[in-house]
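Data first, discussion second: the structure below is written as structure tokens.
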Amino acid sequence: MDQCSPKERGVKLVASGRVEVRVRFAPSPTGELHVGGARTALFNWLFARHHRGKFILRIEDTDVARSSENFYRVVLDSLKWLGLDWDEGPEKGGRYSPYIQSQRLHIYEKYAHKLLEEGKAYLCYCTPQELEDYKRRLEKEEPLRYSGKCRNLSSEERKSLEAEGRKPALRFRVPPGTVWVDDLLRGRVSFENRLIGDFIILKSDGTPTYNFACVIDDSLMKITHIIRGDEHLPNTPRQVLLYCALDFPILRFAHIPLILGRDSSKLSKRHGATSVSYYRGQGYLPWTMVNYLALLGWSTSDSQQFFGRDELIQKFTLERVGKSAAIFDPMKLEWMNGEYIRRMDLDELVNLLIPYLRRADLIEEKMDSATRQKILKVARLEQERIKVLSQIVDLAGFFFTGDFAYDPIPVEKRLKKDYVPSLLEEMRMRIEALSPFEEKELEELLRRLARDFSLSPSEVFHPLRVALTGRMKGPGLFELAGVLGKGEVIRRIERTLEMHKNSL
RNA sequence: GGCGCUAUCGUCUAGGGGACCAGGAUGGGUGGUUCUCAGCCAUCAGACCGGGGUUCGAAUCCCCGUAGCGCCA
């Protein structure tokens, strides 16, 4: 067993079972929050809530060139929208603030110097170009790792390198031996130190590398469990080495499987729609997103599909997280959103629909109660059809404007029939005389009309549907006519008759 | 190139030695309900990566391959 025994050190933490669970999500503000990140955040959040612990948000923005204030905002917004509230972090503060790495540089520096003084790290003057060249010269069989060139420089050598104007980076001196990671999902994973190679902890510009900053922050912030994506597993032995060197306790790890794109490569921009804000904009409900993401890599023994918030928190455990990567399936996400929309309270649905109707200019900025009533009726009719909120514009736009475009296919199939003009003409007259104008009466009228014209009911219904909506599909004909009202129905029949005259 | 992880229907998954001729969900097919679509109901097709072991018995345990993915820059 090594002098720095992960087992030995890990035990302290396990034994003290009463310690409050503290987990963190540590995004880099170098892009929008994508579904993979959201899922990692979610698992951390669920774990924290399940154990009545703390969920901490930390911003890893040491890559100044790629980080932006804008993305920082988007990431925070997306988390809030999903309902993943954090107990400590930006905007919230906490005992271990600041929670933004760029404001913690002095801390990393302090620990870096400690390691330097103790001889556990050393200055490296190699330039990126030299390292690149070295790598290229490596034998095929050799692992890619640092040569150790600057490991044992004399002070004279250092002076002369510095005289050349070289800015040193700080490298960690990897001791001989073996490290292992006791992963909650995968068991013990061992790594040989000699294959790791001395790695950089402080770049020549003084900023810390991911592994270093991460170790310092997680330790100082008293994190108990690191739940993060699988892609970090190969980084973990480096971090374990650092915990040892810094005399920090080794935390518990759980590397959760990645989310992949359709082509089963790691989800990225080129897979198209992957950001949380995209799905938000399209009209996915936040809870759909949470529910769906929870099912990517986690499941219950009965493969339950739908969960309420408290139920999910109560049922979520790391033990039931799978080990293999999962492909993100937009189809199932859409289905689930449709399910949640169908279960939604009608008034709530109306509220969610309004911004989309407004953006499409189908309703006025200021809304009177009659309009709201109408939206409510429309929502009732479309609720079972709509899967994503933004679809309301396409599905139900015709309710709000008489000036919709006619879909050419149904026009061809249903309107361009010889019997249609005289049928519509007669229909218009009879509807005009119809009182009251109610669904039941309208249906009777149309069925009688069919008999009088020796047509099947469908041969009457279909042309009217196209005349009223411009399309072949949609809610029930009588229901939608009821929402439109007598005047509008007559107007649209006339418009169709007019169109007929012109095209024939 | 080295190291690591993973491997059940197209996809998400249940399964942790016999209860599995492998269950659920999604997606797809078919039929029914209906003015269309959606929904709902019914129904069909669809998987244990390959090979060796261990065992009376393996999707389940071990080994070796293979493949996918990830990390190291």
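So you know, we letter chains A, B, ... as the sequences are listed, proteins then strands, and number each from 1. Note that the coordinates shown come from a computational prediction; the quantities given were computed from them, not determined experimentally. Scope of the values below: all heavy atoms of this structure, side chains included, with no hydrogens, waters or symmetry mates.
The side chain of A:Arg447 sits closest to B:C35 out of B:A25, B:C35, B:G70. Of the listed nucleotides (B:G24, B:C71, B:A38), B:C71 has the atom at the smallest distance from the side chain of A:Asn235. In this structure, of B:C69, B:C35, B:A25, it is B:C69 that holds the atom nearest to the side chain of A:Leu258. Listed nucleotides B:G4, B:G23, B:G2 differ in distance to A:Leu195; the shortest reach to its side chain belongs to B:G2. Among B:G39, B:C69, B:G24, the nucleotide with an atom closest to any side-chain atom of A:Ser303 is B:G24. Of the candidates B:A38, B:U13, B:G70, the closest approach to any side-chain atom of A:Arg385 belongs to B:A38. When each of B:A14, B:C35, B:U11 is scored by its nearest atom to the side-chain atoms of A:Phe461, the top-ranked nucleotide is B:C35. For A:Phe191, the listed nucleotide lying nearest its side chain is B:C3; candidates were B:U13, B:A38, B:C3. Looking at the side chain of A:Glu384, the nearest of the listed nucleotides B:C71, B:A38, B:A14 is B:A38. The side chain of A:Lys332 sits closest to B:A25 out of B:C69, B:U11, B:A25.
Taking a cutoff of 4.0 Å between a charged side-chain nitrogen and a carboxylate oxygen, A:Glu192 and A:Arg194 qualify as a salt bridge. Ion pairing between A:Asp230 and A:Arg186 holds under the 4.0 Å rule for side-chain N and carboxylate O. Ion pairing of A:Asp218 with A:Arg228 is absent here, as no side-chain N (NZ or NE/NH1/NH2) approaches a carboxylate O to less than 4.0 Å. Under the 4.0 Å criterion applied to side-chain N and carboxylate O atoms, A:Asp183 and A:Lys323 are not assigned as salt-bridge partners. Taking a cutoff of 4.0 Å between a charged side-chain nitrogen and a carboxylate oxygen, A:Arg385 and A:Glu382 qualify as a salt bridge. Salt-bridge formation is detected for the pair A:Glu488/A:Arg491: a Lys NZ or Arg NE/NH1/NH2 atom is positioned less than 4.0 Å from an Asp or Glu carboxylate oxygen.
Pair check for B:A19 finds none; no Watson-Crick or G-U wobble contact set falls under 3.5 Å. In this structure B:C40 sits in a base pair with B:G32, meeting the Watson-Crick or G-U test at under 3.5 Å. Nucleotide B:C3: paired with B:G70 (Watson-Crick or G-U wobble, both distances less than 3.5 Å). B:A14 is unpaired under the criterion used here, namely a Watson-Crick or G-U wobble arrangement in which both key atom distances are under 3.5 Å. Pair assignment for B:U55: none, as no Watson-Crick or G-U wobble contacts are both less than 3.5 Å. The partner of B:G27 cannot be assigned: no Watson-Crick or G-U wobble pair with both contacts below 3.5 Å exists in any strand.
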- Query: When you look at A:Arg428 and A:Glu425, which way does the salt bridge (charged side-chain N to carboxylate O under 4.0 Å, His left out) test go after all the steps?
  - Reply: CA-CA 5 Å; A:Arg428 187 187 64 82; A:Glu425 191 60 52; 3.3 Å; yes

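Under 4.0 angstrom from either OP1 or OP2 of B:C71 there lies no side-chain N or O belonging to A:Arg238. Dashed line: the shortest gap from a side-chain N or O of A:Ser299 to OP1 or OP2 of B:A14 is under 4.0 Å. Residue A:Arg320 has a polar side-chain atom (N or O) positioned under 4.0 Å from OP1 or OP2 of B:G15.
Residue contacts for A:Gly322: at a heavy-atom cut-off of 4.0 Å it reaches no nucleic acid atom on any strand shown. At a threshold of 4.0 angstrom between heavy atoms, the contacts of A:Glu479 include nucleobase atoms, whether or not backbone atoms are also involved. Across all strands, A:Pro475 comes closer than 4.0 Å to base atoms (heavy-atom distances). Among the heavy atoms of the strands, none lies under 4.0 Å from A:Arg262.
Taking the P atoms as reference points, B:A59 lies 13 Å from B:G17, given to the whole Å. Look at the C1' atom in both B:U60 and B:U54: the space between them is 13 Å, to the nearest Å. Straight-line distance between the P atoms of B:U55 and B:G46: roughly 35 Å, to the nearest whole Å. Atom name P, nucleotides B:G57 and B:G18: the rounded distance is 14 Å, in whole Å. On the C1' atoms, B:G68 is 11 Å away from B:C49, given to the nearest whole Å.
Less than 4.0 Å separates RNA chain B from no heavy atom of any residue of residues 375-383 of chain A.
Both A:Ile327 and A:Glu443 sit near RNA chain B, but only A:Ile327 has its closest nucleotide nearer the 5' end. For the pair A:Ser458 and A:Pro234, both in contact range of RNA chain B, the more 5′-proximal nearest nucleotide belongs to A:Ser458.
Look at NE2 on A:His255: it is 11 Å from C1' on B:C5, rounded to the nearest Å. A straight line from CD of A:Glu439 to C1' of B:C35 spans 13 Å, rounded to a whole angstrom. Taking atom CH2 of A:Trp335 as the reference point, atom P of B:U26 lies 5 Å away to the nearest angstrom. Counting to the nearest Å, the C1' atom of B:C37 and the CG atom of A:Leu480 are 12 Å from each other. Straight-line distance from the CG atom of A:Leu464 to the C1' atom of B:C35: 10 Å, rounded to whole Å. Counting to the nearest Å, the C1' atom of B:G70 and the CD1 atom of A:Ile256 are 14 Å from each other. If you measure from atom CD of A:Glu339 to atom P of B:A25, you get 12 Å, rounded to the nearest angstrom. If you take CE of A:Met331 and P of B:G27, they are 7 Å apart, rounded to a whole angstrom.
Side-chain to base pairing of A:Ser301 with B:G15: no donor and acceptor N or O lie closer than 3.5 Å to each other. Side-chain N/O atoms of A:Arg186 and base N/O atoms of B:C5 include no donor-acceptor pair closer than 3.5 Å.
Residues satisfying the side-chain hydrogen bond (donor to acceptor under 3.5 Å, both in side chains) criterion with A:Arg309, sequence neighbours excluded, are absent altogether.
Checked options A:Phe43, A:Tyr292, A:Phe307; the residue passing with A:Trp298 is A:Phe307 (criterion: ring pair (Phe, Tyr, Trp, His ring centres under 6.0 Å)).
The ring of A:Trp45 has its center no closer than 6.0 angstrom to the ring center of A:Phe25.
Aromatic ring orientation, A:His232 versus A:Tyr210: parallel (interplanar angle below 30°, classes split at 30° and 60°).
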